Each structure stands twice: as structure tokens, then as C-alpha cells.
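It should be emphasised that the depicted structure is a prediction, and the values quoted were computed from it without experimental measurement.
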Amino acid sequence: MSATTRHRLLLRAFPRAWRERYGDELDALIARADAGRGVRIRTALDVVRAGLGERLRTAGLTGDHLPGAQRARARLLLVLCAWALFVVAGVSVQKASEHWQRAATMSSRRLPADAFRALEIAAAIGSALVLIGVALAIPRLVARVRAGETTALRRPILRALSVSLITLAAATPVVVWAHRLSAVQRNGHDTAYEVAAGCCALLAVLSLGAWTAAAVAAATQTPLAGRLLRAELAIAAAITATMVSMAVATVVWWLDLASAAPGFVGGGPGLGSSLLVPRFLVPTLLMFVASGLAGLGTVGAIRAAPPHDA
Amino acid sequence: MTPHESTRQRGSLRPNDPPTLILASLASGMKHGYALLQDIEQFAGVRLGPGTLYGAISRLEQRGLIEPADAVGRARPYRLTDAGRELLGSELASMRTIVEVGTARLGLARAARAIGDPA
């Protein structure tokens, strides 16, 4: 890879508008600072770190250069993105937990059943809150669309629609196939099906990501202030609470199931090894990461909101 | 608007932050990126990375504290604006106060220890 290509790749860490203004100067500086030695790792890390910092700043997630309402909106969008990440983790847990009741005896099922019920209730409440939050903002977005001020929305929406259609086209034959397989074949005993289902899951994640990006683009065009901003702040706080509840409920369910039915959880004898099973460990960690991001977004939004809106 | 209000609106500086180092470097005249890196390393012993430097340059320019001059090849020199000079002056004055008070108190403490007084 040539030095020019490497520099261009590094500069992509910065937002496009920033690159258009400062990219050429920074490119020249990198070339001169690392003259004759290629790009050093230290320089590369510094440029990527600065670029990501600039992206966060441009998005309004750091710094105080934007008005309070805009910063609050940016941090509310972080809660929405955290929710999308949480959904991916939650679906993974849901898939890994299929038929768990059969693995545990009736007497050892009470606590995990309660925890699982709490998880489902919190998931329903959280989903409803997200829909309410989106629905509340729609009238203002529609007003902007009618005023012709949202041309930047077309591209992310078309991209999300395309990915969703591809996902639907790929998933339909896989669902038909799944109905012809036994439960055993569907759960890890048919490699071809596993690969196909994995590809569909990946496409579903991409669809979710594309729609989240479209929602972020739409929300960025939607002014939030006054009562609407206050309502969205309250909803974000409640969504964060449901996410934390779900993460905790998942841990309680998993821990109790690991001691009551270690064979179902897998990972060999002993509670310790059951806790390191990737199909539970990874999504659970992801749930806590997403909850943490949502917490940061909510607290940041409340702090950034103008005093009469907070 | 009082000078203090104006300074508050422009934000404040911290002694070893890249923005402070850049403003201090530009106080002796306009410089481009590479000259800034070298000068800052020389007077402060801090080696800034190119990304860190340009991140700080863009923020300072947005805040109206520095401004670009005509490019020389692909390098573009920057210089202090009046607002940047004013902010740097007021921040250096407050830093100087802290240095003077700290130094004086440290001197007093040393003197007290020398004569065996714990105060």
C-alpha cells in the first residue's frame, strides 16, 4: 500500500467536511513528520484518535460548541443507537435461551422463570417507549419534510429499504427450509442451515443498523425543544432503566440456570466454566455496554438541555 | 460585554493542553503545522501528534482565536487573532498568579521547616 493511500485511509477517520477543509494540510504534515519512514504506528493512532474525537464533537456528543438543545438531541440519539445495540444482544440471548424450561427441573425453575419474565416485561416496556419516543417526534419531522428541508434523508432511507429487502429475500427461503428441518437439525446439527441462518442474522443486524442510521439522520433534521425535548428526556431515562433491568435480569437468569441446569448452559462442569460460554457471555456483556452508553447519553442529554427544558 | 465575559464565551485554557501550547507558540509569529510541532517540543517538551495538532487548530479557528494565512505549497501558516491574543494574555496572567502564590508558599514552607516550625 502506497504512503498516499495510507494517508487517505487515516484521514477518513475525520468527518468529510473537516477533511475538505484541513485534510490536505494534515496529509502534508503527516508526510513531513514521518519523512522517509512511512506512517509510524504512533502517528496512525494519533490521527485515528483525533479523527474519532472530531466525529464525536461534530455529532454534538462532546464539546460545548453547539446550542444546548442540539447537544441534548445528539445525546438522545446515543440512547437510540445504544437501544439498537441492545436489541442485537437481546435477540442473541433470546435465541440462546430457546427451550431452556425443558432443561431445568420444575423445582429449580422458579427463580430463572421469574428473571426471564422480568426480562420479557422490561423488553416490552422498552420497545413501547422507543416507539412512543419516535412517534412524538414524527409531527415535527413531517413539518420539515413538507417544508422541503429534509433532502438529506432520502439516501439513508433508500439504503435502509434496500438492505431490508435483501434481508427479506434471503430470509424467506431460509424460513421455508427451517420448517422442513427437525428441532435438532435447526439447533446446530445441520451446518449448511447454520451458515444460512447466520448470514440472515447478519443481514438483519445490518438492516437494524441501516434503519437506526436513517432514524438518526431524520432526528438530526428534527428540532427538539420545550415540552417535546422534556418528554424525550424522560423517555430516554425510562428506556435506560429498562435496559439496565434487562441486563440484570439476564445475569440472574443465566447464573441460576448455570447452577440448576449446567448441561443446558454448556461449558463443562462447574459454575465458573458455565459463565464463560460465549453464546451467553458475549450478548450479556454487550447488554451492559449498551446500557452504559444509554446511561451516558441520558445523563449527557439532561445536562446539555437548556435549564427550562431539562 | 466585560473582558471576563468575553473570555468566558471563548472558553478557558489549561496549561498543557494543545490549544494553549499552540496559542503560546503562535504568540511569537505565524507558523505552519510542522513549525508548530517543532516549536512546541522545544519550549514545552511536549511532542504533539499531527492529528492532535490539527484537531486543536480546527477548534481554535472555529472559536476565532487563530486564523489561516495564505498557503505555502500544501502547508498553511496560522496566526493569532486579537481574541486569541487577549485570551492567551488573560489565561497566562491567571497561571502566573497561581505560579507566584505557589512558589511563595513553597518558599515559606521551606523556610518554616528550616527553623523547625511545623506551620
Evaluation steps, side-chain contact (heavy atoms from CB on, under 4.5 Å), between B:Y54 and A:W18 | CA-CA 10 Å; B:Y54 260 91; A:W18 194 98; 3.7 Å; yes
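Each of A:L26, A:L29, A:D46 was evaluated against B:L53; a single residue qualifies, A:L29, per the side-chain contact (heavy atoms from CB on, under 4.5 Å) test.
A donor-acceptor pair is defined here as one N or O able to donate and one able to accept, closer than 3.5 Å; no such pair exists between the side chain of A:D24 and the backbone of B:R74.
If you measure heavy-atom distances from B:L48 to chain A, you find no contacts under 4.5 Å at all. For A:E54, the part lying under 4.5 angstrom from a heavy atom of chain B is the side chain only.
The shortest side-chain heavy-atom distance between A:E25 and B:H32 does not fall under the 4.5 Å cut-off. Looking at heavy atoms from C-beta onward, B:P68 lies in side-chain contact with A:R21 at the 4.5 angstrom threshold.
The contact list for residues 70-81 of chain A toward chain B, using heavy atoms and a distance under 4.5 Å, is empty.
Atom CG of B:L106 sits in a crowded spot, with more than 12 heavy atoms from other residues, nucleotides or ligands closer than 6.0 Å.
Atom OH of residue A:Y22 and atom CD of residue B:E61 lie 3.5 Å apart, to the nearest 0.5 angstrom.
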